[in-house]
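Worksheet: one structure, shown below.
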Amino acid sequence: MNKRTRIDQLLETKPIGEKVTVKGWVRSFRNNQFVALNDGSDFDNLQIVIDRGKTDDSILRKIHPGTALGATGTLVESRGKGQAIEIHADEIVIYGESDPETYPIQPKKHSKEFLRENAHLRFRTNTFGAVFRIRHQLAYAIHTFFHERKFYYLHSPIITASDAEGAGEMFRVTTLDPANIPFNEQGQVDFKKDFFGRETNLTVSGQLEAELGALALGQVYTFGPTFRAENSNTSRHLAEFWMVEPEVAFNDLYDNMDLAEEMLKYLIRHALDHCKKDLEFLHQQAEKEDSQKPRNERPEMNLIDRLQFCLEHDFARISYTEAIDILLNSKPNKKKKFKFVIEEWGADLQSEHERYLVEKHFKKPVILYDYPKEIKSFYMKVNEDNKTVRAMDILFPGIGEIVGGSEREENLDVLVARMDELNIPKDELYWYLDIRKFGSCPHSGYGLGFERMVQFVTGMSNIRDVIPFPRTPGNASF
RNA sequence: GCCUCAAUAGCUCAGCUGGUUAGAGCGGCGGACUGUUAAUCCGUAGGUCCAAGGUUCAAGUCCUUGUUGAGGCGCCA
């Protein structure tokens with residue numbers, strides 16, 4: 001066989017009359033004659049027309065959905081209606097057979113749950129092919145966005161010694177034998193005998209390390225896996241997920257919001273520009289699904305319109321205090337339609353309140369800032385009112401919180417006082433405090449849940465369908 | 001962790017207030033077909049009704065417990 005040409009290339013350049021070789025996996029085989037071949041390079045398949053006179057029966061019998069094959073032949077304009085070009089095959093080579101009796105991916109609609117159980121094969125479907133091509137484009141765009149703005153990609157550690165960040169329950173990392181755990185004289189586990197000579201965990205966030213980088217390199221970002229051992233059972237949480245965390249020296253909270261909004265729009269625009277076919281397919285799928293729903297549950301906008309709308313409008317920016325005023329005066333609050341009725345300033349906002357603000361009141365993404373310090377983390381800069389901190393959350397329709405960030409407390413005394421208040425051990429975080437001792441300065445950053453972004457852009461309703469192999473409580477298959 | 005719902009053929013589902021031998025579409029298998037578009041046509045096989053226990057003359061259907069999954073809530077990104 002000749003060197004293979006990718007199908008996306010052929011679909012784009014259409015070299016009519018040329019002899020080419022393509023290799024991929026069979027999606028369908030019709031009329032004992034037409035193979036729809038997909039090689040992953042494009043959403044669309046290429047049609048291979050087989051000349052039965054030229055092709056052995058033993059080869060025809062091996063062509064089924066899932067079969068890996070190569071085809072060499074002349075590229076011609078298609079006589080059929082479904083495609084512009086096709087290959088008239090002179091030679092077919094079977095690489096790998098696919099037993100039709102046991103191959104789970106049939107040319108028909110499968111449920112997302114079924115495909116999740118077959119996550120090793122779901123890449124071969126239209127939907128998941130589209131989702132993972134978009135996921136790649138978004139990951140790539142993260143890097144170009146920051147690189148173009150002269151940020152440095154900082155690799156924060158996956159294994160950390162600190163468990164003091166308060167971002168969630170952590171997974172322990174150990175080489176101790178669970179059947180033979182060493183104890184010290186006080187009867188506690190003797191971590192001195194463990195691999196690192198101390199207790200270690202998987203990281204819940206690269207933020208603290210990113211701050212160290214930012215206060216020397218100026219502007220950095222991390223983009224890596226993070227781990228939370230929370231028993232969260234929702235369509236928006238994973239135990240292992242990827243997080244993007246930029247950190248910028250001398251940025252205040254408003255610069256932080258500008259950066260985040262600019263980044264989110266950049267990512268959406270990149271997807272619209274580079275994933276047209278995949279997005280159009282997902283858009284159509286969503287339309288089909290929505291048409292099955294009762295009228296009042298259908299979204300006002302469908303996928304591509306929603307993405308366009310986000311690009312064309314400034315995000316709403318309101319303080320927590322303003323948000324509470326809006327909620328106090330809202331119909332569902334007055335009529336006690338909320339499960340948690342807002343009664344006074346200081347209440348933590350529940351997802352029903354966030355959804356009201358985003359989906360009913362503003363009808364666009366909302367940036368909420370200046371939260372009560374009681375409901376936020378120790379490292380956030382305390383405002384002059386001594387009641388609120390310089391925190392901001394970006395809320396997206398259908399997703400909820402997609403970004404959480406803050407201006408960091410750069411004053412050593414205030415930070416130490418906050419840590420004491422919240423019982424956070426200072427000795428473990430001496431390095432974090434050192435940054436405030438030597439050349440401290442204002443700085444800000446945020447975390448973007450990468451899968452939540454992929455969810456928003458693809459319109460997939462369950463976060464388990466936008467990461468190849470999801471890890472959730474009770475589930476770590478593959 | 002809490003609340004709600006679900007589990008029937010390989011897949012997607014129907015199966016009414018308990019009542020003969022549990023159905024359909026798709027897929028599989030056998031056959032036909034050289035312009036098909038999730039092809040079509042003819043034929044055919046395929047079920048421990050999630051598991052265990054219970055109520056009843058009789059359970060896919062009712063009850064209890066468990067398992068798995070989904071949706072919602074909390075934690076967050």
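The chains referred to below are lettered A, B, ... by the order of the sequence lines, with proteins before strands, and numbering in each begins at 1. Every value quoted in this text rests on a predicted model; they were computed, and no experiment measured them.
- With B/G69, B/G35, B/G25 as the choices, the nucleotide that has an atom nearest any side-chain atom of A/K108 turns out to be B/G25.
- A donor-acceptor contact closer than 3.5 angstrom is absent between the side chains of A/S41 and A/Q9.
- Ionic pairing of A/R236 and A/E354 is not present here: no N-O contact between side-chain nitrogen and carboxylate oxygen is shorter than 4.0 angstrom.
- The P atoms of B/A51 and B/A7 are separated by 13 Å, rounded to the nearest whole Å.
- A distance of about 45 Å separates the P atoms of B/U20 and B/C33, rounded to the whole Å.
- The nucleotide whose nearest atom lies closest to any side-chain atom of A/T234 is, among B/C73, B/A77, B/G27, B/C73.
- Distances from the side chain of A/R79 to the nucleotides B/U12, B/G35, B/A77 place B/G35 closest.
- Side chain to side chain, A/S28 and A/R30 meet the donor-acceptor criterion of an N or O pair below 3.5 Å.
- Across B/U34, B/C73, B/G35, the shortest atom-to-atom separation from the side chain of A/K339 is found for B/C73.
- Counting atom types as modelled, A/E86 pairs no side-chain N or O with a base atom of B/U37 as donor and acceptor under 3.5 Å.
- Distance A/I63 CD1 to B/U36 P: 19 Å, rounded to the nearest Å.
- Ring centers of A/F146 and A/Y266: at least 6.0 Å apart, outside the cut-off.
- For A/R27 and B/U36, the shortest distance from a side-chain N or O to OP1 or OP2 is not below 4.0 Å.
- When the nucleotides B/G74, B/A77, B/C73 are ranked by their closest atom to the side chain of A/Q350, B/G74 comes out on top.
- Counting non-hydrogen atoms under 4.0 angstrom, A/G80 reaches a base of the nucleic acid.
- Between A/E354 atom CD and B/C75 atom C1' there is a gap of 12 Å when expressed in whole angstrom units.
- Residue A/R464 has its side chain nearest to B/G71 when only B/C76, B/U37, B/G71 are considered.
- When the side-chain nitrogen and oxygen atoms of A/S232 are compared with OP1 and OP2 of B/C75, none of them lie within a distance under 4.0 Å.
- Rounded to whole angstrom, the span from the CD atom of A/E289 across to the C1' atom of B/U12 amounts to 14 Å.
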From CA spacing to verdict: salt bridge (charged side-chain N to carboxylate O under 4.0 Å, His left out), A/R116, A/D465: CA-CA 7 Å; A/R116 221 171 279 151; A/D465 296 330; 2.8 Å; yes
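- Of the side-chain N and O atoms in A/N475, none sit less than 4.0 angstrom from OP1 or OP2 of B/U68.
- The existence of a salt bridge linking A/E280 and A/K277 is excluded, since no basic side-chain nitrogen approaches an acidic carboxylate oxygen closer than 4.0 Å.
- Checking B/G74, B/C11, B/U36 against the side-chain heavy atoms of A/F34 singles out B/U36 as nearest.
- Side-chain N/O atoms of A/N231 include one lying less than 4.0 angstrom from OP1 or OP2 on B/G1.
- Using a cut-off of 4.0 Å between Lys/Arg side-chain N and Asp/Glu carboxylate O, A/D39 and A/K23 are scored as not salt-bridged.
- Comparing B/A77, B/U36, B/G72 by their nearest atom to the side chain of A/S235 picks out B/G72.
- Near RNA chain B, defined here as any heavy-atom distance below 4.0 Å, the residues from residues 113-139 of chain A are A/E113, A/F114, A/R116, listed numerically.
- Without hydrogens or angle criteria, A/S98 side chain to A/P65 main chain gives a donor-acceptor distance under 3.5 Å.
- A donor-acceptor contact under 3.5 Å is not formed by the side chain of A/R52 with the base of B/C33.
- The side chain of A/R30 has B/A39 as its nearest neighbour among B/C75, B/A39, B/G72.
- If you check distances only, the side chain of A/Q106 does reach the base of B/G10 with a donor-acceptor pair under 3.5 Å.
- Among the atoms of the strands shown, only primed sugar atoms or phosphate atoms (P, OP1, OP2) are found under 4.0 Å from some heavy atom of A/D348.
- When each of A/T67, A/L37, A/N126 is tested with A/R27 by the rule side-chain contact (heavy atoms from CB on, under 4.5 Å), just one qualifies, namely A/N126.
- Nucleic acid contact for A/V403: sugar-phosphate only, since backbone atoms but no base atoms lie under 4.0 Å from a heavy atom of the residue.
- A straight line from CD of A/E240 to P of B/A77 spans 17 Å, rounded to a whole angstrom.
- Distance CD1 (A/I375) to P (B/C75): 10 Å, rounded to an integer number of Å.
- Ring pair A/F223/A/Y153: centre-to-centre distance not below 6.0 Å.
- One interatomic measurement links the two molecules: CG of A/D393 to C1' of B/A77, which rounds to 9 Å at whole-angstrom precision.
- Comparing B/C73, B/U34, B/G69 by their nearest atom to the side chain of A/R236 picks out B/C73.
- Heavy atoms of A/I399 sit nowhere under 4.0 angstrom from any nucleic acid atom.
- When the P atom of B/A39 is taken as reference, atom CG of A/N45 falls 11 Å away, rounded to whole Å.
- Looking at every heavy atom in both residues, A/R135 comes nearest to A/V466 through NH1-O, 2.9 Å.
- The base of B/C11 is not paired with the side chain of A/H110 by any donor and acceptor separated by under 3.5 Å.
- Residues A/D258 and A/R317 are paired through a salt bridge, judged by an N-O separation under 4.0 Å between the basic side chain and the carboxylate.
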Base-pairing string, 5' to 3', of RNA chain B - Watson-Crick or wobble, under 3.5 Å, | interstrand: (((((((..((((.....[...)))).(((((.......))))).....(((((..]....))))))))))))....
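- Counting any heavy atom pair closer than 4.0 Å across all strands shown, A/E451 reaches no nucleic acid atom.
- Note: CD1 (A/I48) to P (B/G35) measures 18 Å, nearest angstrom.
- Looking at A/N333 and A/Y356, their side chains never bring a donor and an acceptor atom within 3.5 Å of each other.
- A side-chain donor-acceptor contact under 3.5 Å links A/E211 and A/Q207.
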Protein N or O to nucleotides 2-6 of chain B N or O, pairs below 3.5 Å:
none

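- Residue A/Q33 places no side-chain atom within donor-acceptor reach of the base of B/U36, judged by atom type and a 3.5 Å distance cut-off alone.
- Checking the phosphate oxygens (OP1, OP2) of B/C73, a side-chain nitrogen or oxygen of A/S351 falls inside 4.0 Å.
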